Amino acid sequence: MPLLGFGVYQNYTTHESVLEAFKAGYRHIDSAQVYRNEAEVGSAFRASGLRREEVFITTKCVSTTHGYDSTLHAVDVSLQRLGMDYIDLFLIHDPHKGRDLRIDTYLALLDAQKARKIRSVGVSNYGVRHLEEIRREGLPMPSVNQIELHPFCQQKPIVMYCNHQCIVVQAYSPLGRGKIDHPIFTELAEKYNRDKAQILLRWSLQRSFSPLPKSATEARIHSNTKLYDFALDGEEMARLDALDRGKEGAVTWNPVDAA
């Protein structure tokens with residue numbers, strides 16, 4: 001899985017944006033059923049001329065479709081919309097609907113994996129308690145947990161648990177939904193001759209997260225990939241780490257404490 005992914009949440013020009021993302025070098029696209037743009041992701045892939053094995057496609061099933069049979073159906077629906085034979089990573093989008101439906105949904109995805117409809121099974125917005133449910137059931141742990149992550153919301157207990165369990169941590173809203181006016185971001189951007197978004201994405205990569213920036217702007221789509229020819233030093237990383245405000249720093253729904 002390429003660490004840097006391209007998110008398409010609330011993207012109303014998905015076909016054009018994903019095609020531009022492929023041109024910029026992205027090979028990892030993050031969609032979801034609730035985004036209602038899986039078909040556009042698929043059409044952009046087909047227009048790109050890339051081979052299927054060259055791209056990594058993620059989608060998710062939201063809690064309104066949770067349950068064993070409904071999840072198996074949801075996988076088939078996503079395959080049809082994407083126009084693909086398999087999905088690289090399929091996530092449970094959120095932990096709502098309670099423990100029993102969470103486990104039933106997870107079991108369905110494991111069976112879809114056995115059927116080779118999906119390559120990897122993961123979760124999103126899962127707190128430690130939700131992940132522990134899976135472990136206590138004796139099931140394989142998810143390959144990925146996708147959560148809100150940026151310097152103001154670092155979800156440290158969840159990240160620590162995932163690291164211990166060898167679960168890859170994906171970062172959605174890695175730019176804090178554009179709230180990047182902090183003086184530290186400005187200072188580091190000037191030092192490295194970068195924009196502030198690149199500073200936050202570089203921080204995410206150096207924390208070993210898989211950031212999923214989103215944009216519909218051509219220039220921004222390209223600039224968000226220019227992350228590999230500079231590095232933040234230890235003191236700079238520590239200053240960014242110190243910005244954490246815990247749950248109060250969240251800028252999204254962040255349902256990691258759902259019952």
Side-chain angles (χ1 to χ4, degrees), residues 1-32 34-51 54-59 82 88-89 146-153 170-233 236-237 239-240 243 249-252:
M1 180 186 77
L3 277 184
L4 182 65
F6 183 71
V8 294
Y9 175 59
Q10 290 185 336
N11 187 311
Y12 305 110
T13 57
T14 300
H15 176 94
E16 294 81 3
S17 295
V18 171
L19 197 55
E20 195 62 44
F22 286 139
K23 293 176 183 176
Y26 290 93
R27 293 296 181 265
H28 173 185
I29 308 298
D30 179 78
S31 185
V34 75
Y35 299 172
R36 299 183 179 182
N37 56 19
E38 291 170 309
E40 288 76 13
V41 170
S43 67
F45 160 68
R46 287 185 290 278
S48 72
L50 294 167
R51 298 188 303 274
E54 293 181 288
V55 300
F56 189 97
I57 304 296
T58 300
T59 194
L82 288 162
D88 295 281
L89 175 64
Q146 184 183 126
I147 55 177
E148 178 181 343
L149 279 173
H150 47 81
F152 298 120
C153 180
Q170 288 185 336
Y172 73 76
S173 295
L175 304 180
R177 289 197 170 172
K179 296 182 179 180
I180 55 176
D181 291 330
H182 195 282
I184 295 178
F185 305 155
T186 302
E187 175 190 333
L188 294 176
E190 291 175 352
K191 174 182 175 180
Y192 289 102
N193 194 26
R194 302 285 167 163
D195 60 46
K196 289 177 281 189
Q198 290 169 324
I199 298 299
L200 270 71
L201 293 172
R202 184 66 208 178
W203 172 85
S204 191
L205 289 172
Q206 289 186 219
R207 289 290 308 275
S208 299
F209 303 148
S210 170
L212 306 169
K214 65 185 186 73
S215 181
T217 305
E218 180 179 338
R220 180 63 64 192
I221 290 170
H222 284 260
S223 66
N224 283 345
T225 69
K226 310 300 183 184
L227 308 173
Y228 299 99
D229 56 352
F230 77 105
L232 303 171
D233 66 29
E236 291 161 348
M237 289 292 292
R239 291 176 67 196
L240 293 173
L243 297 178
V251 295
T252 72

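Keep in mind that the numbers below use all heavy atoms, side chains included, and drop hydrogens, waters and symmetry copies. Because the structure is a prediction, the values reported are computed rather than measured.
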| said: Whether Glu187 and Arg239 form a salt bridge (side-chain N of Lys/Arg under 4.0 Å from carboxylate O of Asp/Glu) is what I want to check. | reply: yes

Below 3.5 Å, can you tabulate the donor-acceptor pairs from side chains in residues 44-51 to any protein atom, sequence neighbours excluded?
unit_1 : atom_1 : unit_2 : atom_2 : d
Arg46  : NH1    : Gly42  : O      : 3.4
Arg46  : NH1    : Leu82  : O      : 2.9
Ser48  : OG     : Phe45  : O      : 2.6
Ser48  : OG     : Leu50  : N      : 3.1
Arg51  : NE     : Glu53  : OE2    : 3.0

| request: Check whether any side-chain N or O of Thr217 sits under 3.5 Å from a backbone N or O of Ala219 as a donor-acceptor pair, and report yes or no. | output: no

| Residues which pass salt bridge (charged side-chain N to carboxylate O under 4.0 Å, His left out) with Glu190, listed by chain and number, not counting sequence neighbours | none

| query | According to the interplanar angle, ranging from 0 to 90°, do the rings of Tyr35 and Tyr9 count as parallel (below 30°), tilted (30 to 60°) or perpendicular (above 60°)? | reply | tilted

| Non-neighbouring partners of Phe22 that pass ring pair (Phe, Tyr, Trp, His ring centres under 6.0 Å), sequence neighbours left out | none

| task | Scan residues 12-29 for pairs that pass salt bridge (charged side-chain N to carboxylate O under 4.0 Å, His left out), counting only residues two or more places apart or in two chains. | result | none

| note | Closest heavy-atom pair, Ser173 versus Glu148, reported as atoms and distance to 0.1 Å, is CB-CG, 4.3 Å

| Flag if over 12 foreign heavy atoms under 6.0 Å of CG, Asp233 | yes

| said: Would you compute the distance between atom CG of Leu200 and atom CG of Leu240 and round it to the nearest 0.5 angstrom? | reply: 7.0 Å

| query | NE2 of His15 to OG of Ser43: how many Å apart, nearest 0.5 Å? | reply | 4.5 Å

| query | Partners of Lys196 by salt bridge (charged side-chain N to carboxylate O under 4.0 Å, His left out), sequence neighbours excluded? | reply | Asp181

| Does CZ in Arg177 sit with more than 12 non-hydrogen atoms of other residues, nucleotides or ligands closer than 6.0 Å? | yes

| field | Audit row: Thr225, Leu4, side-chain contact (heavy atoms from CB on, under 4.5 Å) steps and yes/no | value | CA-CA 8 Å; Thr225 69; Leu4 182 65; 4.2 Å; yes

| field | Pair Arg220 + Asp195, salt bridge at N-O below 4.0 Å | value | yes

| When Gln170 is tested against each of Ser204, Ser210, Pro211 for side chain to side chain contact (heavy atoms under 4.5 Å, CB included), which residue passes? | Ser210

| request: Give the minimum heavy-atom separation between Ser215 and Phe6, together with the two atoms involved. | output: O-CZ, 3.2 Å

| field | Distance-only polar pair, side chains of Glu40 and Asn11, donor-acceptor under 3.5 Å | value | no

| NE2/His150 to CZ/Arg207 distance, rounded to the nearest 0.5 angstrom? | 12.5 Å

| N/O donor-acceptor pair under 3.5 Å between Asp88 side chain and Thr58 backbone | no

| task | State, to 0.1 Å, how close Ala216 and Thr13 come at their nearest heavy-atom pair, and which atoms those are. | result | CB-OG1, 3.9 Å

| query | Which value, rounded to the nearest 0.5 Å, describes the distance between Asn224 atom CG and Lys214 atom NZ? | reply | 11.5 Å

| field | Close side-chain approach of Ser31 to Asn37, heavy-atom, < 4.5 Å | value | yes

| note | Between the CG atom in Asp30 and the CG atom in Leu212, the distance rounded to the nearest 0.5 Å is 5.0 Å

| query | Can you name the closest pair of heavy atoms from Pro213 and Tyr26 and give their distance? | reply | CG-OH, 4.0 Å

| message | Going by ring pair (Phe, Tyr, Trp, His ring centres under 6.0 Å), name the pairs with one or both residues in residues 181-219, residues two or more places apart or in two chains. | response | Phe152-Phe185, His182-Phe185, Tyr192-Phe230, Trp203-Phe209

| query | Between CG of Leu149 and OG1 of Thr252, what distance do you get to the nearest 0.5 Å? | reply | 10.0 Å

| query | Tell me, do Arg202 and Arg194 make a side-chain contact under 4.5 Å, heavy atoms counted? | reply | no

| Any side-chain heavy atom of Gln198 within less than 4.5 Å of one from Leu201? | no

| task | Could you walk me through whether Ser17 and Ile221 pass side-chain contact (heavy atoms from CB on, under 4.5 Å), step by step? | result | CA-CA 8 Å; Ser17 295; Ile221 290 170; 4.3 Å; yes

| request: State whether the side chain of Gln206 and the backbone N or O of Leu232 hold a donor-acceptor pair below 3.5 Å, judged by distance alone. | output: yes

